[in-house]
Every structure is written in C-alpha cells, then in structure tokens.
Number of protein chains: 2
Amino acid sequence: MTEALRQFLSGGAAARGGGPLYLRLRRSIESAVEAGVLGPGDALPSERDLADLADVSRVTVRKAVRDLVAHGLLKRRQGSGTFVALPVERVEQSLSVLTSFTEDMARRGLAVRSEFFDRGLYEPTSEETMTLGLSAGEKVARIGRLRMANGNPLAIERASLSGRMLPHPEELDGSLYEALDKVGARPVRAIQRISAALLDDSDAARLGVSSGAPSLVIERISYLASGKVVEFTRSRYRADAYDFVAELRLAESHL
Amino acid sequence: MTEALRQFLSGGAAARGGGPLYLRLRRSIESAVEAGVLGPGDALPSERDLADLADVSRVTVRKAVRDLVAHGLLKRRQGSGTFVALPVERVEQSLSVLTSFTEDMARRGLAVRSEFFDRGLYEPTSEETMTLGLSAGEKVARIGRLRMANGNPLAIERASLSGRMLPHPEELDGSLYEALDKVGARPVRAIQRISAALLDDSDAARLGVSSGAPSLVIERISYLASGKVVEFTRSRYRADAYDFVAELRLAESHL
DNA sequence: CAGTGGTCTAGACCACCTT
DNA sequence: AGGTGGTCTAGACCACTGT
C-alpha cells in the first residue's frame, strides 16, 4: 500500500506540474484518494512519514493536509492519525412546507435525539428586544440544543422567545412548538433566511467537525396569526450533511 | 495608533486567558477590531511587526491572521499589507418566487454585469446525460459566467443544457431564459437544492475572496410544462454577500 | 528599491491515543 | 512507552506592490 502511495507522492508530488509544494502534495493526495489507492476510512501515513515520502518538511505536509481536511476529504484525530473521510449520507429538508425536524428524520428512518446545552431565562440582548418586541424588564427564554440523527450531530439550534411565552424553559423537553401550542402561541408563519459561514471553534467541536468547517446558517422568525413575533431561532447545520430543497414557480422571471 | 494596539497585543496576547498562543493573538486582534482601535479598511502592522509586538514567531502570527481572514474579519493583499475587511452589503434573494438575478439587482439599484468564462458545446459528462436526459451522441451546451453587482463579483453560475436547445451557446449574450423562450423551451418550474461548501482556489480567485472562503452552493433543475428537464445549473454564491429568504407556512409541523 | 505577504525548512516540545 | 497530531520557533528566500 505504501508502495502504491509512493507513486503518488515522491514521484507525483515533484512531477505534478508547478506551483507551491503544498499544492502539488495536495493534488497528489487527492489523486491517490480518487484513484482508490486510499479508500474511505483508510489511514494516511503519519505526517512525518509523508514528509519523508514527498521530500518536504512537515510544515508543508500539514498545510496540504489542513486544506484537504477543511474540504472534507480527510479527517484528523489527534494521537491517532489522519484518515480518508467516510462518505456522509446527506439529509434533505424542504423549504416550501416546513415539516418538523423530528418528523422529517422519522420519515427517513433515522433516530432523532436532542441534547440541550442551554435552557434558561436571561437578560435580553438589544437584538432580542427588537426582534421579539420585548417590553422593558421582560426576560428572554433561550433554548440551545444539538440536533442528532442516528447519533450523528447535524445541527445546533439557538432559539429565543419572550420569557412570558415560556416562563420555565428549563422544563422544556421535547417540541418547542408543542409547548407553545399549550399556551396558545403556536406560530402560523415563518420567514427563514439562509446563508453560509465557517463554524467557530466551539460549534465545530459540538458538531464533531474540524474547526473552520463550513455550515449553513439559518435564521428563522416565527409569527402568530396576529402578526406578532413568537420566536427567533438561529441555527447552524453541518454543510457536509445537509441540503435545503425548494420548489420554485418561474412566474415572469427572466434569468 | 500602534500604542493603542500594543495594549491589545503585548499586554493582551500574553494575559488573555490560556490556550495556544495563536488563539490568544486571534482574540487580541478581534478585540482590537471590536473596540474600534482598528476600523474597517485600516492596515494592521506587518506580520513581522505583529510578531515583535506580541512576542511570538511570524508563523504563529500567520496562523492567527489566516483564521481571521477565513472568517472574513481581515483581508490580506500580497505585497501591500493586511487590512480590516470592509463591511459587505448583503444581497437577498427570495426562494418562494424565483425572480431574475438582473431584475432583483435592478430593484435594489445595483448595476449588474455578467462575464462569461465559458460558452460552448461539449461532450456531456455522465451526470449531464442522466440529468438532462440526453440521447446518444448529443452534445451539451455549457454556459459559465461570473455574476457581478456594482462591480463586485457575487456568484459563479455554470449551466448545462441539451445542445439541441441551445445549438450556439457562444452567441448567448443576455438572459438564458430569454434565449430558451425564443425556441419555445421556457421552463415553468424548478427544484433548487441549497448547501454550503468551501470555494476551491480558482472559484475563490474569480469571486475575489480568499481561498477556502465559504460559499452557498445552489443546484437548480428547471422543467418544461411537459415535465422534461431543460437546464441544470450549479452556482456558487459568496457567503459573505448573499442570503436566501424563504417564507414558510407551518402546516401541521411540530418542531 | 524597500516593505509586504507567501512559501519553506529543520528541529523542538506538548497533548493525546493506543498498546 | 511509543507514535500520532498540535503548537511553536528562528531564519531563509520568493513574489508582489508600492514609491
């Protein structure tokens, strides 16, 4: 195996076109994975061995590997090694009709679990006061949870609500909307904003991906029938595991 | 100015909690920007000077700065310096009704321009053959363009169509849908899939962002009234400049 | 030409996982 | 205990940008 790799590294890294060494090495490793010389889950040689094989310094190896880890091709485990990433089964979520996370996953035969890392009443930020239309002195209820499907962390959700809607957030256990339903504050409409950003270190750790991995950023504002804002949620979905799907009618559009 | 910075670096970097040096330095620079000691567009001291100020090696400075550049807080210009990034005005696009890129931007008073980097007929990939339902021997028309608003690159679009629909792609100049309209192949419906991923080096260069910056990945399949697939487009939108917005009706959902 | 970021090296020590 | 990735250093040269 190391012999086949040598073709891609020592021969490959030097020969493969021009450019900086770390880029040539990066392409060499990519080629080795694409060619199947390294399969999913396989361990790469240690960074020190790679440095020897490719005849570059370890710093250069780390630069090449870092890029490939960021793009999701490789995974590093401290003290253990560097491995070709396992293919991730991606999960889809519809954007036209908002179905529940739990229902969505159940329909796909996935076991869902939530892990709360934050449930409590807090002094609101100015953003929360404005978005939720809080009155002076009113507290804000915050719910932070890690969403998992089949044991894999998929998303981080941080919801903010008026403390009046949810006076005991620490008792929340299952569905937030169910709890809202009980106090007659079930939203009927939501506006969702989708963007992308790199995960910060703590969110990356929670989601079990490398620091600096990309994520889908979802901000949702939910409204009551009266038009009043009930809930403001900011979520982070693992970009390597999640797709949002929308169906569009092309009315008078000229693209 | 360097005097105020020193508070955040020499004093700051060493004092600011524990953890690796590059993380402390990163936090110090973040703090300096948040505190307004460094405003948008301001130049940071050179990496060598930062290394002296914070009393770390240049490698460590570069590691801290790289992270901040990836997150969009700083921008590096080779031969020139490192600067606090200018705030980017974000652009929204609706997902419920697909309006045209050009119209959308015009409504916001933005001048739109497209730059083609690829227009031609090619041998289809197997993905194109399957998605577009091409018959044997049929060529595929590919349109690759860089979308810009007010001179700023916003997105890269790569569209694939049957060569029969668009036999002379190199003549395409304006709207693709307009061209399709002329041959009676105007789509009436589309499915759009939204995810996120890091930009590769060449796309990052086209979009004028740093290599490894995050992007929104949009895949769209457009259908004729007959149900036949007309077009398959894969786009990359700058994550620091683009939001997709969807309105949702919460039918029977339990979140 | 001087100054900046970009690449690269050889070697060191630490933190962590495995056995 | 031995091997792995994580951090860090001091110094070098290159490529690019400005004057």
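To find a chain, count down the sequence lines: A is the first, B the second, and so on, and within it residues start at 1.
- In this model, a side-chain donor or acceptor of Arg48(A) finds a partner on the base of dG5(D) within 3.5 Å.
- The nearest heavy atom of DNA chain C to Ser46(B) and to Gly19(A) marks one nucleotide each, and the one closer to the 5' end goes with Ser46(B).
- When each of Ser57(B) and Arg62(A) is assigned the nucleotide of DNA chain D with its nearest heavy atom, Arg62(A) is the one assigned upstream, toward the 5' end.
- Here the side chains of Leu146(A) and Leu207(A) are in contact, with some heavy-atom distance below 4.5 Å.
- DNA chain C is contacted by both Arg58(A) and Gly79(A); Arg58(A) maps to the nucleotide lying nearer its 5′ end (nearest heavy atom per residue).
- In this structure, the ring of Phe244(B) has its center no less than 6.0 angstrom from the ring center of Phe244(A).
- For DNA chain C, the contact window with chain B, defined by any atom under 4.0 Å from a protein heavy atom, covers dG3(C) to dT7(C) in 5' to 3' order.
- Heavy atoms of Val56(B) sit under 4.0 angstrom from primed sugar atoms or phosphate atoms, though from no base atom.
- Taken to the nearest 0.5 Å, the CG atom of Asp67(B) stands 11.5 Å off from the CG atom of Asp200(A).
- With rounding to the nearest 0.5 Å, the separation of OG1 in Thr233(A) from CG in Leu161(A) is 7.0 Å.
- The CG atom of Asp49(A) lies 11.0 Å from the CZ atom of Arg58(A); values are rounded to the nearest 0.5 Å.
- A cation-pi arrangement is present between Arg119(B) and Phe116(B), with the terminal nitrogen or guanidinium carbon under 6.0 Å from the aromatic centre and inside a 45° cone about the axis.
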